[in-house]
Amino acid sequence: QSQLVEFGGGLVQSGGSLRLSCSVSGLTLNYYTISWFRQAPGMEREGLSCIMPRHGYTYYADSVKGRFTISRDNASNTVYLQMNSLRPEDTAVYYCAAARHGSCIATPQTGSMDYWGKGALVTVSS
C-alpha cells in the first residue's frame, strides 16, 4: 500500500526554522517527483516546491524561494522541506505528494499528483 506521511510540523516563532520530512512507503521513489503543498484556513491548496527523482532538479514558488529548500534521500525514501525565515503567513497545513514521472518545471498542481500525505500543521507565531 502506497503511503506518504509528513513529520516535523509544530509551533515556531516568526523568523525561526522547521524541517518537514515526508516518509514514502510502497512506492519506488526513483520514479516519482515529490512536491510540497500547503493549505491555510479558507485558502486553496498552494504548490510550493518539487524535486525530480534522479537528477534532483528542483523548483520553488516565488512565495518560498530563497527561504525553503527541498531535498530527497532516495535510500531512505524520504523527502525534506527545510523552512527558514518563517513568517506568520506561512501558517498552514503542509502536504507532500507524489507524481509518477511528474515534471518539475513550474508550480506543482494538485490535479497532477497521484498520492498524498495527510498533512502536518505548521504554526508561525508573530
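Heads up: numbering here begins at 1 and tracks the sequence. Since this is a predicted model, take the numbers as computed values, not measurements.
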If you group Ile, Leu, Val, Met, Phe, Trp and Tyr by side-chain heavy-atom gaps below 4.5 Å, do [X] and [Y] land in one group?
{"X": "Leu29", "Y": "Leu81", "result": "yes"}
{"X": "Trp36", "Y": "Met52", "result": "no"}
{"X": "Tyr32", "Y": "Val24", "result": "yes"}
{"X": "Val64", "Y": "Ile34", "result": "yes"}
{"X": "Leu4", "Y": "Met113", "result": "no"}

Without swapping roles, check the side chain of [X] against the backbone of [Y] for a donor-acceptor pair under 3.5 Å.
{"X": "Gln39", "Y": "Ala92", "value": "no"}
{"X": "Thr91", "Y": "Val124", "value": "yes"}
{"X": "Gln109", "Y": "Thr107", "value": "yes"}
{"X": "Arg100", "Y": "Asp114", "value": "no"}
{"X": "Ser49", "Y": "Tyr59", "value": "yes"}
{"X": "Gln1", "Y": "Gly26", "value": "no"}
{"X": "Tyr60", "Y": "Ile70", "value": "yes"}

### Query
Do Tyr57 and Thr33 come within less than 4.5 Å of each other through their side chains, counting heavy atoms only?
no

Can you give me the closest heavy-atom contact between [X] and [Y], atom names plus distance?
{"X": "Leu20", "Y": "Gly9", "answer": "CD2-N, 3.5 Å"}
{"X": "Ser63", "Y": "Leu48", "answer": "OG-CD2, 4.2 Å"}
{"X": "Gly119", "Y": "Val93", "answer": "CA-CG1, 3.8 Å"}
{"X": "Asn30", "Y": "Pro53", "answer": "O-CB, 2.8 Å"}
{"X": "Ser126", "Y": "Pro88", "answer": "CB-CG, 3.8 Å"}
{"X": "Ala61", "Y": "Gly47", "answer": "CB-O, 3.6 Å"}

### Message
Tell me whether the NZ or CZ atom of Arg45 lies within the 45° cone about the ring axis of Phe37 and under 6.0 Å from its centre.
### Response
no

### Message
Checking Asp62 against Lys65 for the salt bridge (Lys or Arg N to Asp or Glu O under 4.0 Å) test, could you report, in this order, the C-alpha distance in whole Å, the side-chain angles of both residues, the deciding distance, and whether it holds?
### Response
CA-CA 5 Å; Asp62 288 343; Lys65 193 177 297 180; 3.3 Å; yes

